[in-house]
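Just below is one structure, and these are the notes that go with it.
Per chain, numbering begins at 1; letters A, B, ... match sequence-line order. These numbers come from a predicted model, not from an experiment.
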Protein chains: 2
Amino acid sequence: MNIYDISKAAGVSIASVSRVINGADNVSEKTRKKVMDIIDEYGYTPNAYARGLGRGSMKTIGIMCSDSSDIYLANAIYYLETDLRKNGYNSILCCTGYDLETKKASFELLKSRQVDAFILAGSKYVEKNPEDNQYIIDGAKEHPVMMVNGCIEAMGIYSVRSDDMGGMKEAFTQLHESGAKKIIYVYSSDSFSGEQKIEGIKAGAKKCGISEENIRIVKGKKSYGDIAELLAAEYEKEAFDSIIASSDTSGIGAVKFAVSHGLRIPEDIQIVSYNNSKLAEASTPELTSVDAKLEEVCQKTCDSLMKLLNPPLDENGNALPVSLPARTVVKTKLVKRATTRF
Amino acid sequence: MNIYDISKAAGVSIASVSRVINGADNVSEKTRKKVMDIIDEYGYTPNAYARGLGRGSMKTIGIMCSDSSDIYLANAIYYLETDLRKNGYNSILCCTGYDLETKKASFELLKSRQVDAFILAGSKYVEKNPEDNQYIIDGAKEHPVMMVNGCIEAMGIYSVRSDDMGGMKEAFTQLHESGAKKIIYVYSSDSFSGEQKIEGIKAGAKKCGISEENIRIVKGKKSYGDIAELLAAEYEKEAFDSIIASSDTSGIGAVKFAVSHGLRIPEDIQIVSYNNSKLAEASTPELTSVDAKLEEVCQKTCDSLMKLLNPPLDENGNALPVSLPARTVVKTKLVKRATTRF
DNA sequence: TCCTCCGCTGTAACCGCTTACATTTATTGT
DNA sequence: ACAATAAATGTAAGCGGTTACAGCGGAGGA
C-alpha cells in the first residue's frame, strides 16, 4: 500500500495525495475528501523513510545514554522522548555503556540513521582526554548536539544542566548550619557533573569557614553495599556526623551504613543525597535530597532543540538565524525529608 | 557525501561501492581497498533510510512501553535495546503512557517508521475490552509482535513472560510454611500479569489449605505513601502478619507501613515483594523478592525475534518456515533477604 | 469575445541506496 | 591459441515519497 495505490484508487495524482497527507493548503476540498476517504478505507500509512529521503529530514533525534536502567537516566529518557514526540519528533535510543569505542560506534550508527540532532544524556559523555571528545565535536559540525548534564565547548554543542555546584554548596551549608561538625562527602563516579559537585562541596566548606584540608571526600563503587562498607571503614578511622552523597543511590548506601551501625537518623547522623529521584522516597527513612530538576533540564533541552531545528522564518520563507545560549544552568532545590534535622 | 561521490572518487561504479559497504564477497581485493580508503578518507556513512528503502527492511524494531521511568520497564528497555543492537538492529522507543488512544497512535507511528517488528514491553498492552486489542492483532498480520509480560492470542503475536502465577504461589507457600497465619496481598495495578499474580496467590492459598474467602487481597495506588496508608487502614480493620506485594514499589510501601507502626521486620511482620528490581535492595531492610527474571525474559524475546526475522535459508536461498512457541514462560526465583524469616 | 490571472492538478526529476541483469575481464582446459 | 566458464564490474530500474514546474480550466476585466 503506497502513494500510487492511493492515487489510483482516488483517481488523482500522487502529488495530490502527497499534498493531502502533508496538509498543504492548495488542494480543493473535493480532492482532499476523496483522498482522505481512500486513505481511511485502506488504512494507509506513509513510509517515513521515503518521506525523509525526499524531504531531507527524518524528524528523528538520536538519544545516547550510558545505561537506561539507571533510574536517573531512565527518567531523563522518559521526559525527552515524550517531549520530542509531542513536537513531532521520534527518538532512536542507544544505550552505549561506558566504553569509548561503543560510544563512538553508537554515534556513527545514529549518524547513519540520519538523525536531525543528538542528545547525549548524562554526564558520561565528557571524556577526561580532550581528544576523545573529538568525535562529538566533529559530529556537531553536521547536526546539533545537546548535552544533558554534560558540557563540551565547541560549535554546535549546547549544554543544559543542573547547577550541581550550587546544589552541593547549599547542601553543605545547610548541613553546617544545622549543627553538623564533621561532614563527609561520598561519591561513586567521575564525570563532568561529579567534578562540579566536588567544587560545590569545596565552595560550601569555604563559605562555612572550613579549610580545604578538613574536607573529607571519599570515592566508592556504585553498589549500595559498597558505599556502606566504605563509609563503615571511614567511620572506623574517624567518626563523622553527616554524610553528603553524590546520588540517591549512594545516599541509600549511607542509610544502610547508618542502620547497620545502630546510628539513629537524623539524631546521630544526617544524610543528604542528590538528584531527588524516586529512590529518595523509596528509602526508609526517606532521604533529604537535592532536586536536580531533571524534568526542567530535559524540557529546556527539547525547547532549545526545537528552536534550533525549526527556526522562525522571515517573510520570504528563509530561516532566520537563531541564537541560543550554549550553556543553560537550572537551579536546584533542596528537598527536606527525614534524614536531616533541618 | 553519498555513494556517487565515493564511486567517483574511487573510480568505480556505485554498485561496487555498495558491494563493499555491504561486505559482499564478489568484489576484488583491489577495488575493496580502493573504496575503503576513500570511505575512510571522506568519513562516509551510508544513509540508512535509503538503504532501507532499497532493501525493504530498516533493521529497526519499535519498542513500546508505558513509562520508561518505571524501574522495571527501564531495565527491560536496557536489555532489549542492547541485545537488539548486538544483532544489528536499532530500536525506536515510544513511551505511550496508559491511554489507549496514545498507544494506538504510537503503534501507527512505529508502523510509518517501517519497523521490522514490534516489542510491547510490559503487561499494560492487554486491554480489558478485547476489541481494544484489535489494533495489535491487525498490526501482527504485517509484522511480528513480541509481547514482554503480556499475552494476546493471535497470529503473529508472540509472548514471553515470567511465571507470575508460579512465582506468587511460591511466595505464598513459603510464607505460610514459615509460620505466617494471616497473609495480605497488596497490588496497585490491573493488568495481564496482575491477574496472573492474583491467580498465583489463590493457588498458593489453596495449596496451603486456605479457603477462598479467607484470602485477603487489597488494591492501592502506585505511590509508596498510598500503599502504606492502605495497609494501615487494613491493619486497623484486622491485623495481619505477612504482606505480599505485587511489585517492589508496593513492597517498599509495605516497609514504610511497618516502620511507621513500629512493627519489627521480619519478627512482627514479614514482607515479600515481586520483581527483584534494584528497589528490592534499595529498601532498608532489603526486601525478599520474587525475581521475575527480566533479563532472561528480554533475552528470550530477542532470540525469538531474531529467529523470526532472519529465518534459516534452504539451499536455494529461500527462507525456511520457522516455528516458534507462541508463548514462552520463564520460571521465577525467590530471592531471600531481610524482610522474611525464611 | 479574448486575454490575463489564479487556483488546482499532474508530470517528472530527485533523494541515496540495493540488486537483477547485462557486460566486460580474467581464468581454465584442451 | 581459443572457446567455455567463472569472476568482477557496470547499468539501470526500482524503493516510496517530495516538490519544482508546467498545464489546465474557469472567473473576471477590457
Side-chain angles (χ1 to χ4, degrees), chain A residues 1-36 38-39 42-60 88 109 111-116 142 316-318, chain B residues 1-36 38-39 42-60 88 90 109 111-116 142 313 316-318:
Chain A
M1 181 62 42
N2 61 29
I3 200 169
Y4 291 92
D5 300 325
I6 299 296
S7 83
K8 219 167 288 168
V12 299
S13 74
I14 57 163
S16 289
V17 177
S18 178
R19 288 187 191 104
V20 170
I21 59 186
N22 287 293
D25 53 1
N26 52 348
V27 204
S28 72
E29 203 40 57
K30 205 162 60 176
T31 340
R32 181 186 311 285
K33 178 149 178 10
K34 225 173 1 181
V35 171
M36 285 308 288
I38 298 289
I39 285 179
Y42 289 76
Y44 160 74
T45 317
N47 182 317
Y49 300 118
R51 292 180 99 162
L53 247 197
R55 183 159 50 192
S57 155
M58 286 307 306
K59 292 260 186 187
T60 299
L109 189 152
K111 260 201 223 165
S112 81
R113 248 40 193 185
Q114 311 301 116
V115 295
D116 297 328
E142 312 265 335
N316 302 319
N318 299 318
Chain B
M1 182 62 44
N2 61 27
I3 200 168
Y4 291 93
D5 300 326
I6 299 297
S7 85
K8 218 167 286 166
V12 299
S13 74
I14 56 164
S16 289
V17 177
S18 177
R19 287 186 191 104
V20 169
I21 59 185
N22 286 294
D25 54 0
N26 52 350
V27 204
S28 72
E29 203 39 57
K30 205 164 61 178
T31 23
R32 180 187 311 286
K33 178 151 180 6
K34 225 172 1 182
V35 171
M36 285 308 289
I38 298 290
I39 286 179
Y42 289 77
Y44 160 73
T45 317
N47 181 319
Y49 300 120
R51 290 180 101 161
L53 247 198
R55 183 158 50 192
S57 156
M58 286 307 305
K59 291 259 184 188
T60 300
N90 269 115
L109 188 152
K111 261 201 225 164
S112 81
R113 248 40 192 185
Q114 311 302 115
V115 295
D116 297 328
E142 312 266 333
L313 303 178
N316 303 319
N318 299 319

The test is side-chain hydrogen bond (donor to acceptor under 3.5 Å, both in side chains); show your working for B:Arg19 and B:Thr31 and say whether it passes. CA-CA 10 Å; B:Arg19 287 186 191 104; B:Thr31 23; over 6 Å; no

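The phosphate of D:dT11 (OP1 or OP2) has no side-chain N or O of B:Tyr4 nearer than 4.0 angstrom. Phosphate contact (OP1/OP2 of C:dT18, side-chain N/O of B:Asn22, threshold under 4.0 Å): present. For A:Thr31, a side-chain nitrogen or oxygen approaches OP1 or OP2 of C:dT9 to under 4.0 Å. Residue B:Ser16 places at least one side-chain N or O closer than 4.0 Å to OP1 or OP2 of D:dG10. Side-chain N/O atoms of A:Ser13 include none lying less than 4.0 angstrom from OP1 or OP2 on C:dT9.
Considering every non-hydrogen atom in both A:Ser7 and A:Ser13, the closest pair reads CB-C, 3.7 Å. Contact record, A:Ala50 with B:Leu53: CA-CD1, 3.9 Å, taken as the closest heavy-atom pair. Contact detail for A:Ala24 and A:Arg32: the closest heavy-atom pair is O-NH2, 3.2 Å.
Atom pair A:Asn26:CG and D:dC24:C1' shows a separation of 15 Å (rounding to whole Å applied). At whole-Å resolution of the value, CZ in B:Arg55 and P in C:dG16 are 17 Å apart. Across the protein-nucleic acid pair, A:Lys59 atom NZ and C:dC15 atom P stand 21 Å apart, rounded to whole Å. Rounded to a whole Å, the NZ atom of B:Lys8 is 13 Å from the P atom of C:dC17. A:Ile3 places its CD1 atom 14 Å from the P atom of D:dC15, with the value rounded to the nearest Å. The CZ-P distance, from B:Arg51 to D:dG17, rounds to 21 Å in whole Å. One can place CG of B:Asp25 at 13 Å from C1' of D:dA6, the figure rounded to the nearest angstrom. A straight line from OH of B:Tyr49 to P of C:dC17 spans 13 Å, rounded to a whole angstrom.
The side chain of B:Val12 approaches D:dG10 more closely than any other nucleotide in the set C:dT9, C:dC17, D:dG10. The side chain of B:Ile14 has C:dT18 as its nearest neighbour among C:dT18, C:dG10, D:dT18. Between D:dT19, C:dC17, D:dG10, one nucleotide has an atom nearer to the side chain of B:Arg19 than all others, and that is D:dG10. When each of D:dA20, C:dT18, C:dG16 is scored by its nearest atom to the side-chain atoms of B:Asn2, the top-ranked nucleotide is C:dG16. The side chain of A:Ala15 sits closest to C:dG10 out of C:dT19, C:dG10, C:dT9.
Nucleic acid contact class of A:Val17 (heavy atoms, under 4.0 Å, all strands): none. Residue B:Asn47 is classed as a sugar-phosphate contact, given heavy-atom separations below 4.0 Å to backbone atoms only.
Axis orientation changes by 50° from one end of the helix from C:dT1-D:dA30 to C:dT30-D:dA1 to the other, with each end axis drawn from 5 pairs and the value rounded to 10°.
When each of B:Asp5, B:Val35, B:Ile3 is paired with B:Tyr44, the side chain to side chain contact (heavy atoms under 4.5 Å, CB included) condition holds for B:Ile3 and for no other.
Comparing A:Ala50 and A:Ser28, the nucleotide of DNA chain C nearest to each residue sits closer to the 5' end for A:Ser28. When the nearest nucleotides of DNA chain C are assigned to A:Leu53 and A:Arg32 by heavy-atom distance, the more 5′-ward of the two goes with A:Arg32.
With a 4.5 Å cut-off on side-chain heavy atoms, A:Asn47 and A:Asn2 do not count as touching.
A:Met1 CE to A:Thr45 OG1: the interatomic distance, rounded to the nearest 0.5 Å, is 10.0 Å. Taken to the nearest 0.5 Å, the CD1 atom of A:Ile6 stands 9.0 Å off from the CD1 atom of A:Ile21.
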